[in-house]
Amino acid sequence: MSAIVEAGSADRYELVVGLEVHVQLRTRTKAFCRCSTAFGAAPNTQVCPVCLGLPGALPVLNEHAVRLAVRTALVLGCTINELSTFARKHYFYPDLPKGYQVTQYERPLATGGQLEIGVLEGGTPIMVGIQRVHMEEDAGKLVHDRYPGATAVDLNRAGIPLVEIVTAPELHAPEAAGAWLRVLRHLLVFADVSDCSMEEGSLRVDANVSVRPRSQVALGTRTEVKNLNSFSAVERAIALEYARQCALFDAGAEVVSQTLLYDEGTDALRPARRKEAGEDYRYFPDPDLPPLSLDAVWIDALRANMPEMPRARRARFMREYQLTDYAADVLISTPTIADYYEGVARHHADPRAAANWVMGEVLAAVKGTGTTLDDFPVRPSDLAELLDLVREGQVSNSAAKQVFQRMLEHPERPRAIIAREGLARVADPARLHALIDEALAAHPAEAARLAAGETRLLGVLVGAVMQQSRGAADPAAVRQLLAERFGGGAGG
Ligand code: ADP
Ligand code: MG
Ligand code: ZN
């Protein structure tokens, strides 16, 4: 990625990046009115006088949005300010009917946190400072592809609660910015603050980028790449802007403070509107919203009731379920996967077998069907029951996989499927002998070669019996009986 910066430039100039991240909070209703926040509704069906900015409408702050914003700040180790204020940030744009956005300016909700994004060799953590976390409201959306030659406005998104998270200018590589965002998203999803879906726009990033000669302490002039909506776009835009600024420095030219947009299609940056200076927004305290005063006891209660964060959950999984590092990593990749796994592991005596099934069959099925674990047809308790049956030897592992496929198609208890489809493990010698007879009859050539002493055909015939029984036969018993019939090779 840094290949686009000439090697010499990268040696001479250090990249400096600070990120501003907008995260849509997972509330049912908007920040200052009772309109729904559901994604994907018909345009302008989730609006009211408050979020349309009609004269005289009065905002009422959504308490749950405050709770989620505080949780965000707690996850980032910030100091929560017991008193914060709402301000109006004025600008004209068609997606902003009030002509101002409600945000927090002079007194934000929280300040001064940190996020660890990895460890250096030797174990020193790489920390990135968080300058502030504040609440604000989202704007509407312009729709360019609905009416040919015209632009429409959808205000369903107007007034949805956001938190903005602002990092210190402490990221020094495009990949570090990507890593920081991935860690942030992982934490916020576990904190149940937001779904952080970049496709649906619930996590959006502005990247502030400057360069400075390596010997220089003072920060260089920055530009801001706005509205990046994928991790790869963030990394790519930063890499391009780093290269552009290095080239300016090398040419003896100056970086001009400006706002840029990154176009993923053309993989290029272009200037957006002029970067406003702070005072252009004419911030002033919103007279309709009293200062937000948070009680220390209330904050402590939120702190005490935080959902279990990924790191703690990972450690507990390894301790309670004896998982490998790899399995623990996979199983905490999302809270739904972690919950699903725990649902199975709690009902089944072998947590490592449960882990293998969830990582194997379950995640493959999720991927294959394009569903999510939220509406997965196989309930954890039913999968646990199936694994119990495997463990007790009532069904073979391969037959269990067939049962699982049936459960995916049609929710049913595994016992019922096994009974109906005759998939119970067959260990009764008489029945196994009958199956062996059938298999030998179906494969006369192989049977003859085995009889002639070609013992490596034992495996082929075991396979034939397994197929004949649709996985129900006990393979070890089949092998044993075949070896006895043909003499020797039972251990093979
Ligand atoms: P604004 O609100 O006008 O965008 P802030 O001063 O609050 O400005 O800074 C916003 C972001 O810009 C922060 O993430 C900060 O780390 C980053 N930033 C500030 N100065 C620089 C710089 N010279 N180079 C890179 N990032 C910077
Ligand atoms: Mg900014
Ligand atoms: Zn509304």
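Just follow the structure's listing: the first ligand is 1, and inside any ligand the first atom is 1.
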What is the SG(Cys51)-the Zn ion (ligand 3)-SG(Cys48) angle, to the nearest 10 degrees? 120°
Below 6.0 angstrom between ring centroids: does that apply to His90 and Tyr283? no
Would you call Glu116 and Arg311 a salt bridge, taking side-chain N to carboxylate O under 4.0 Å as the test? yes
Is Arg214 salt-bridged to Asp11, cutoff N-O under 4.0 Å? no
From the candidates Arg212, Arg222, Glu224, the one that places a heavy atom nearest atom 1 (P) of ligand 1: Arg222
Is there a polar contact, in the sense of an N or O pair closer than 3.5 Å, between Pro169 and ligand 1? yes
In ligand 1, which numbered atoms sit nearer than 4.0 Å to a non-hydrogen atom of Leu19? 14 (O)
Would you mind listing which atoms of ligand 1 come within a distance below 4.0 Å of any non-hydrogen atom of Thr167? 13 (C), 14 (O), 15 (C), 16 (O)
Determine yes or no for a side-chain-to-main-chain donor-acceptor pair under 3.5 angstrom, with Thr45 supplying the side chain and Ala42 the backbone. yes
Heavy-atom gap Gln131 to ligand 1 smaller than 4.0 Å: yes
Enumerate the atoms of ligand 1 whose separation from the nearest heavy atom of Val166 is less than 4.0 angstrom. 13 (C), 14 (O)
At under 4.0 Å between heavy atoms, which part of Thr221 makes contact with ligand 1: side chain, backbone, both or neither? neither
Looking only at non-hydrogen atoms, find the nearest pair between Asp154 and Pro43 and report the distance. OD1-CA, 3.4 Å
Atom CZ of Arg379 with >12 non-hydrogen neighbours under 6.0 angstrom: no
Examine distances only and state if a side-chain atom of His347 and a backbone atom of Ala384 form a donor-acceptor pair shorter than 3.5 Å. no
Glu170 contact mode with ligand 1 (heavy-atom cut-off under 4.0 Å): neither
Between Gly220 and ligand 1, does any nitrogen or oxygen pair lie at a separation below 3.5 Å? yes
Is Asp288 paired with Arg88 through a side-chain N to carboxylate O contact shorter than 4.0 Å? yes
Ligand 1 atoms nearer than 4.0 angstrom to some heavy atom of Ala168 are 16 (O)
